[in-house]
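Atoms within each ligand, like the ligands themselves, are counted from 1 in listed order.
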Amino acid sequence: MRTGVSLTVLAAASGVAAFWRMECRGRVGLARIDPLVSPGEVAQHAHAIHGSAGFNEKVTYEDLVDADCTSCAVTQDMSSYWHPALYFKHANGSYELVNQVGGMLAYYFLQKDLNDESKQIKAFPDNFRMIAGDTFRRNYSVGGLSAKAADPEKSIWAQLGQTTQADLAQRSLGFNCLNYNAQPEGSLYRHYMPEKEYLDQFCADGIRIEIMFPSCWNGKDLDSPNHRDHVAYPDGSMTGFCPKGFDVKLPGLFYETIWDTAQFRGDDGEFVVSNGDIQGFGYHADFISGWKEEFLQKAVDTCTNMSGKIEDCPIFSIQSEDKQRSCSMKVPSVLRNEKVVGNIGTALPGNVQIAYGPGPATNKNPAPQTTTVEVPTATYQPGATASESKYLPGGVFKELPNSSSVVEDAFTVLAQSTPSSSSPASPSPAPSSSPAPTSPPAAPPAAAPVDDSKYEVVRTDYVTVGKVVSMIIVKEAVEYVTVTTTTVTQTVPFKARRAAHLHRHHGRHGRHS
Ligand SMILES: *[C@@H]1O[C@H](CO)[C@@H](O)[C@H](O)[C@H]1NC(C)=O
Ligand SMILES: *[C@@H]1O[C@H](CO)[C@@H](O)[C@H](O)[C@H]1NC(C)=O
Ligand SMILES: *[C@@H]1O[C@H](CO)[C@@H](O)[C@H](O)[C@H]1NC(C)=O
Ligand SMILES: *[C@@H]1O[C@H](CO)[C@@H](O)[C@H](O)[C@H]1NC(C)=O
C-alpha cells in the first residue's frame with residue numbers, strides 16, 4: 001500500500017534535537033602521531049590533527065587543556081580531533097599530499113536515545129577518548145551487500161539484521177562527491193572512496209570525507225583497550241535506539257573534511273588514505289575530549305538553537321579564523337624531518353604499503369602486492385530534488401541547492417540574511433518536475449497541518465547542502481499512515497526548500513505499529 005505523505009517546512013519545532021558545527025579551520029599538525037593507538041611511539045600512519053595545540057604522542061588531559069591555543073573556533077574546546085590524511089600517488093610512484101580545504105568540521109548532534117527521550121544528553125567527561133572506524137578493514141560486508149549497493153532505508157536496518165556494531169561502523173563512513181554546481185549527495189551515502197576517473201568526471205570540488213562516531217556510552221569508562229568497546233552506535237548510526245548496556249547518550253560527533261582531489265584532475269594515479277587504503281573502508285577517526293565537562297554539559301543543555309551555529313551559543317567564546325589557523329602543535333624531534341606534506345617521495349609516511357584486502361590489513365606494512373583491486377564505482381547519483389522527494393538509501397534526504405551560490409568551501413559562513421517574516425513561504429505541497437531552485441527563505445508556515453500528538457518521531461536525519469545544514473524530522477502517525485517531514489534550522493540563505501509529496505510504504509516501522 002502506498003500512502004501519501006506531506007513534507008512541511010517549519011522554521012522551528014519544539015522538543016527537537018539541536019546540534020552545532022564546531023569549525024576547526026586550522027590543522028595543528030600532520031604527523032605520524034596517535035596517542036590512542038600508539039601511545040608514546042611513532043604511529044604507523046600520518047594523521048591530520050585539529051584542536052588543542054597540546055596534542056602529543058602520549059597526550060594527557062592536562063596537556064590538552066593547558067595548551068595555549070586550539071585550532072577550533074570555540075576557545076573552550078581544547079579537544080583533539082584527528083584522522084588519516086589523503087595522498088595522491090602519481091603514476092611515477094611518487095606521493096603528494098592532497099590539499100585539505102577549510103580545515104575540519106566536527107558536528108555535535110544532540111540526539112536523544114529513542115529508548116527514552118526523557119533522558120538528557122550527557123556531556124563527554126573530561127579526557128573521554130574513542131575511535132570510530134577500523135584502520136585494518138579492507139572490505140565492505142554489511143548484509144552480504146556489495147559496497148556499490150544502495151543502503152536499504154535506515155528504518156528497516158534492524159529488521160534486516162544489519163545493525164551489528166561492525167555493520168553500523170561501515171555505514172558511518174561517507175565519501176561525498178562534491179560538485180557545487182550539481183545536486184548534492186546526501187551525507188553517509190557512499191561508503192567507499194570513488195575511483196580516480198569518477199572523481200575526475202563528477203567531483204569538481206573534491207571529496208568530503210565523513211565519519212560518524214558512536215554516541216551511546218556504557219556510562220562509566222573514559223576509554224577501553226580497543227578505544228571502542230565502551231561506546232556503541234545507535235541502530236541508525238547517527239540516530240535511533242542505543243543497544244543494551246550503552247544507555248547513556250553522548251553528543252553525536254561527526255567529522256567532515258574536504259580534500260581537493262580535483263587538483264589532480266587529469267593526472268594519472270590514484271588516491272590513497274595514509275593508512276595504505278585506496279578504497280576507504282579503513283577510514284577512521286579519533287577523539288579526546290578536552291572540554292571541561294561541566295562547561296560542555298551547560299552547552300549541551302542550553303545551546304539548542306536549531307541554527308547549528310556556534311555563534312548562537314552564548315557561552316561559547318569564538319576566536320577568529322586567523323587565530324584558529326595560527327595554532328600549531330609541537331612535532332616531536334624524531335618526526336620533525338619526516339616529509340608529510342607536498343611531494344613526499346616514493347612512499348607514504350612510515351613506508352606504509354597499500355593493502356588491498358579483502359582480508360584485513362596488518363600493522364606491519366606488508367610487502368607490496370602486485371595484485372590490483374577493483375575499486376567500486378557507481379554511476380553518479382545526484383541528489384534527488386525535493387519534488388522527487390525520495391529518501392536516499394542511507395536515509396538521508398537530498399535537496400536541491402541554490403545553484404547560483406557556488407561555494408568555495410563548506411565552512412564559509414554566509415552573511416546572515418534572516419528571512420523576513422512578512423513573506424512567509426507557502427508550505428503547500430507543490431510537487432513539480434522542474435526544479436525551481438529559488439524559493440523564498442522559509443519562514444514559519446502560516447498553518448502547519450500537523451497535530452503533534454498524533455505523530456511519533458520516527459527518525460531524524462541531517463543533510464548538508466553546501467553550507468546549509470538542515471535537520472529532517474520524520475514523524476509518522478500510526479493511525480493515519482501519514483508522514484510529515486519537518487525541516488528546521490536554516491543557516492542562511494535558505495535554498496530551494498519546498499514542500500512536496502513523498503511516498504513510502506507504511507508498516508516498515510514495526511516499532512511504531
Ligand atoms: C612524479 O610526477 C609528479 C607529477 O608530475 C612530479 O611532481 C614528481 O616530481 C615526479 N616524481 C619523480 C620522482 O619523478
Ligand atoms: C537562534 O539563532 C538565530 C540566529 O541564527 C536568532 O535569530 C534566534 O533568535 C535564535 N533563537 C533563539 C531561541 O535563541
Ligand atoms: C572483511 O573484513 C573483516 C574486518 O577486517 C574481516 O574480518 C573479514 O575476514 C574480511 N572478509 C574477507 C572475505 O576477507
Ligand atoms: C540563490 O540565492 C541567492 C541568495 O539568497 C538569491 O539572491 C538568488 O536569486 C538565488 N538564485 C537562484 C538561481 O535561485
Side-chain angles (χ1 to χ4, degrees), residues 10-21 87-99 110 131 133-147 164-171 173 191-192 196 226 228 263-271 275-277 279-284 299 301-316 318 339 341-347 355-363 366 369 371 373-374 376 413-421 441-444 467-471 488-494:
L10 295 180
S14 58
V16 155
F19 69 101
W20 65 78
R21 315 184 328 147
Y87 288 89
F88 182 64
K89 185 184 183 187
H90 289 282
N92 64 13
S94 76
Y95 288 87
E96 186 172 346
L97 183 69
V98 180
N99 283 334
L110 307 180
I131 293 180
D134 174 3
T135 187
F136 300 123
R137 178 172 282 282
R138 290 295 183 277
N139 66 52
Y140 182 81
S141 58
V142 182
L145 297 168
S146 135
T164 66
Q165 289 299 308
D167 292 344
L168 294 165
Q170 292 174 74
R171 291 216 172 124
L173 295 182
H191 310 304
Y192 57 86
K196 178 73 170 51
N226 65 3
R228 291 179 184 80
Q263 80 189 90
F264 300 103
R265 205 169 183 169
D267 296 353
D268 271 352
E270 61 188 356
F271 292 99
N275 61 340
D277 179 7
Q279 294 148 300
F281 301 133
Y283 191 78
H284 57 280
D301 293 344
T302 61
C303 295
T304 51
N305 193 312
M306 294 301 169
S307 68
K309 290 159 73 178
I310 46 180
E311 292 83 356
D312 292 332
C313 177
I315 64 172
F316 284 163
I318 295 172
K339 200 112 177 66
V341 302
N343 277 303
I344 60 166
T346 54
Y356 294 95
T362 70
N363 208 2
Q369 285 170 270
T371 49
V373 67
E374 193 196 345
V413 177
L414 291 176
Q416 178 85 32
S417 73
T418 314
S420 146
S421 54
K467 291 162 250 191
V468 181
V469 183
S470 300
M471 181 164 56
V488 292
T489 53
Q490 304 109 286
T491 325
V492 289
F494 207 77

S.K.: About how many Å separate CG of Asp167 and OH of Tyr140, when rounded to the nearest 0.5 Å?
M.R.: 7.5 Å
S.K.: If you measure from CZ on Phe88 to CG on Asp267, what distance do you get to the nearest 0.5 Å?
M.R.: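 It is 5.5 Å, given to the nearest 0.5 Å.
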S.K.: To the nearest 0.5 Å, how far apart are OH in Tyr87 and CG in Leu97?
M.R.: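 The CG atom of Leu97 is 5.0 Å from OH of Tyr87, to the nearest 0.5 Å.
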S.K.: Just by distance, do the side chain of Asn275 and the backbone of Gly282 share a donor-acceptor pair under 3.5 Å?
M.R.: yes
S.K.: State the CG-NZ distance between Asn343 and Lys339, to the nearest 0.5 angstrom.
M.R.: 7.5 Å
S.K.: Is there any N or O on Asn92 that sits under 3.5 Å from an N or O of ligand 1?
M.R.: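 For ligand 1, there is an N or O atom that lies under 3.5 Å from one belonging to Asn92.
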S.K.: Roughly how far, to the nearest 0.5 Å, is CZ of Arg137 from CD of Gln279?
M.R.: 11.5 Å
S.K.: Can you list every protein residue that has a heavy atom under 4.0 Å from any atom of ligand 3, sorted by chain and residue number?
M.R.: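 Heavy-atom contacts below 4.0 Å: Arg137, Asn139, Pro358, Gly359, Pro360.
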S.K.: Considering only heavy atoms of Asn305, which atoms of ligand 2 have at least one such atom less than 4.0 Å away?
M.R.: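 Once the distances to Asn305 are compared, the set is 1 (C), 2 (O), 3 (C), 8 (C), 10 (C), 11 (N), 12 (C), 14 (O).
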S.K.: Could you pull out all residues at least two apart from Arg171 that satisfy salt bridge (Lys or Arg N to Asp or Glu O under 4.0 Å)?
M.R.: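 For Arg171 the salt bridge (Lys or Arg N to Asp or Glu O under 4.0 Å) partners, ignoring immediate neighbours, are Asp151.
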S.K.: Which of the numbered atoms in ligand 1 are under 4.0 angstrom from any heavy atom belonging to Ser94?
M.R.: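 Contacts of ligand 1 toward Ser94, numbered from 1: 1 (C), 8 (C), 10 (C), 11 (N).
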